[in-house]
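We use all heavy atoms of the structure for the numbers below, so side chains are in, but hydrogens, waters and symmetry mates are not.
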Amino acid sequence: VVKENGFERDAKGGIISFYAKDKDNLEIKITLHEPAPEEIVNAEVVELMGHMHGGNFTAANVSVLK
């Protein structure tokens, strides 16, 4: 999770997008179907299940691993 880029939130304050880097240091915007768990703001490693759509990754599920 690239915390320096911030988190986009919906009208209720839920996190709906953020930036992440993969193991090869590729940074990409992550867009969520449902708001992410709030603990993602302190996460170092997350697991994302979803698909690439253009230059973005749309995640159906986000799990905080570390």
Rounded distance (nearest 0.5 Å) linking atom NE2 of H33 with atom OG1 of T58:
6.0 Å
Taking atom CZ as the centre, does F7 end up with more than 12 heavy-atom neighbours from other residues, nucleotides or ligands that are less than 6.0 angstrom away?
yes
One should read off an interatomic distance between E39 CD and I15 CD1, to the nearest 0.5 angstrom, of 9.0 Å
Please check if atom NE2 in H51 has more than 12 non-hydrogen atoms from other residues, nucleotides or ligands closer than 6.0 Å.
yes
Gap separating the CD1 atom of I40 from the CD1 atom of I30, nearest 0.5 angstrom:
8.5 Å
Rounded distance (nearest 0.5 Å) linking atom CD1 of I16 with atom CG of L32
8.0 Å
Minimal non-hydrogen separation, A43 against V64, with atom names:
CB-CG1, 3.8 Å
What is the distance from atom CZ of F57 to atom CG of L26, rounded to the nearest 0.5 Å?
12.0 Å
Tell me whether F18 is reachable from V45 by hopping between hydrophobic residues (I, L, V, M, F, W, Y) whose side-chain heavy atoms are closer than 4.5 Å.
no
Carboxylate-amine/guanidinium proximity below 4.0 Å for E47 and K66:
no
By side chain to side chain donor-acceptor pair (under 3.5 Å) - contacts of E27 (at least two apart):
N5
Does M52 have more than 12 heavy atoms from other residues, nucleotides or ligands lying within 6.0 Å of its CE?
yes
Can you give me the closest heavy-atom contact between G13 and E38, atom names plus distance?
O-OE1, 4.5 Å
Shared hydrophobic cluster, V46 / V2 (ILVMFWY, side-chain heavy atoms < 4.5 Å):
no
Quick check: closest heavy atoms across G14 and P35, and the distance to 0.1 Å?
CA-CB, 3.9 Å
Quick check: is V62 connected to Y19 through a chain of hydrophobic side chains (ILVMFWY, heavy atoms under 4.5 Å apart)?
no
